[in-house]
Amino acid sequence: MLCFLRGMAFVPFLLVTWSSAAFIISYVVAVLSGHVNPFLPYISDTGTTPPESGIFGFMINFSAFLGAATMYTRYKIVEKQNQTSYFSTPVFNLVSLVLGLVGCIGMGIVANFQELAVPVVHDGGALLAFVCGVGYTLLQSIISYKSCPQWNSMSTCHVRMAISAVSCAAVVPMIACASLISITKLEWNPKEKGVTLRISTEINDDI
């Protein structure tokens, strides 16, 4: 198992690289095709209309798989560390894994159900992805503190908790603003009612 875990070290790097490429490529194609406004579109806006929708769906599906692989690897690492020097109940680690996997399922739903075609399903997937993702990062930050200093430095713990705090601060207003508007189109006029909420949601979504 330890050899397996060492062999999985490339997966988190691939996850970040692939996911970033997915967002950038679909954004560029959507802008060049004239399907979205280049200024702060929803991530989902850049994966709604062909041809970028195909690129977005394929790449985000693979990102969800890489995310699940990363979270399972982390789960096994923490499990091994906890067996060596007990610092937390195993249930805590398991709950974190389940939250992470549910978030990955949410990513898959977002990738396969476009926001204008099936908005309820798409929004439900996005809610799963964001909320469960934030919950996962928060629990992992707590696990890091519990396993400090043997398995983590205090600075690493602080960085992880800071990322969790920023994620929490972003997801709450995003959900609040998104619940007040209805996404029925991609092009918005600055004078339209609801455009301020739309922009606020986009900013927090991109964060």
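Residues M71 and Y75 fall within the same hydrophobic cluster, defined by Ile, Leu, Val, Met, Phe, Trp and Tyr side chains chained together at heavy-atom separations under 4.5 Å. The hydrophobic cluster containing L94 also contains L101, counting ILVMFWY residues as joined when their side-chain heavy atoms lie under 4.5 angstrom apart, directly or transitively. Hydrophobic clustering (side-chain heavy atoms under 4.5 Å, transitive across Ile, Leu, Val, Met, Phe, Trp, Tyr) keeps Y86 apart from V91. Under the 4.5 Å side-chain heavy-atom criterion for ILVMFWY residues, no single connected hydrophobic cluster contains both W18 and V16. Grouping the Ile, Leu, Val, Met, Phe, Trp and Tyr side chains by contacts below 4.5 angstrom, directly or via other members, places M161 apart from V171.
In plain terms, the two heavy atoms of S153 and C148 that are nearest each other are C-SG, 4.0 Å. Between Q114 and G47, the closest heavy-atom pair is CG-O, 3.4 Å. The two residues V11 and L66 have their closest heavy-atom pair at CG1-O, 3.7 Å. The shortest non-hydrogen separation linking C104 to G67 is SG-C, 3.6 Å. When all heavy atoms of L99 and G135 are compared, the closest pair comes out as CD1-C, 4.0 Å.
With rounding to the nearest 0.5 angstrom, the CG atom of L138 is 12.5 Å from the CD1 atom of I163. The line from CD1 of I142 to CZ of R160 is 13.0 Å long, rounded to the nearest 0.5 Å. With values rounded to the nearest 0.5 angstrom, I143 atom CD1 is found 6.5 Å from R74 atom CZ. Distance CE/M107 to SG/C132: 12.5 Å, rounded to 0.5 Å. From C157, atom SG reaches atom CH2 of W151 across 14.0 Å, with rounding to the nearest 0.5 Å. Taking OG from S20 and CE from M59, the interatomic distance works out to 9.5 Å, rounded to the nearest 0.5 Å.
Within the 3.5 Å criterion, the main-chain N or O of K80 finds a donor-acceptor partner in the side chain of T84. A distance-only check finds no donor-acceptor pair linking the side chain of T89 to the backbone of F92 [under 3.5 Å]. Judged by distance alone, the side chain of N82 and the main-chain N or O of V78 form no donor-acceptor pair under 3.5 Å.
For the pair T48 and H35, the minimum side-chain heavy-atom distance is 4.5 Å or more. You'll find the side chain of I109 stays beyond 4.5 Å of the side chain of H122, heavy atoms only. Taking the side chain as every heavy atom from C-beta outward, L127 and D123 never approach each other to under 4.5 Å. Q140 places a side-chain heavy atom less than 4.5 Å from the side chain of N93.
More than 12 heavy atoms of other residues, nucleotides or ligands shown are found within 6.0 angstrom of OH on Y145.
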Stepwise side chain to side chain contact (heavy atoms under 4.5 Å, CB included) check, F87 with Q81 | CA-CA 9 Å; F87 54 81; Q81 291 174 343; 3.9 Å; yes
Yes or no on side chain to side chain contact (heavy atoms under 4.5 Å, CB included) for L139 and V95, after CA distance, side-chain angles and deciding distance?
-> CA-CA 9 Å; L139 289 181; V95 170; 4.0 Å; yes
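For the residue pair T137/S167, the side-chain donor-acceptor check at 3.5 Å is not satisfied.
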What side-chain donor-acceptor pairs closer than 3.5 Å can you find for residues 21-31, not counting sequence neighbours?
unit_1	atom_1	unit_2	atom_2	d
S26	OG	A22	O	2.7
S26	OG	F23	O	3.2
S26	OG	T46	OG1	3.4
Y27	OH	P38	O	2.6

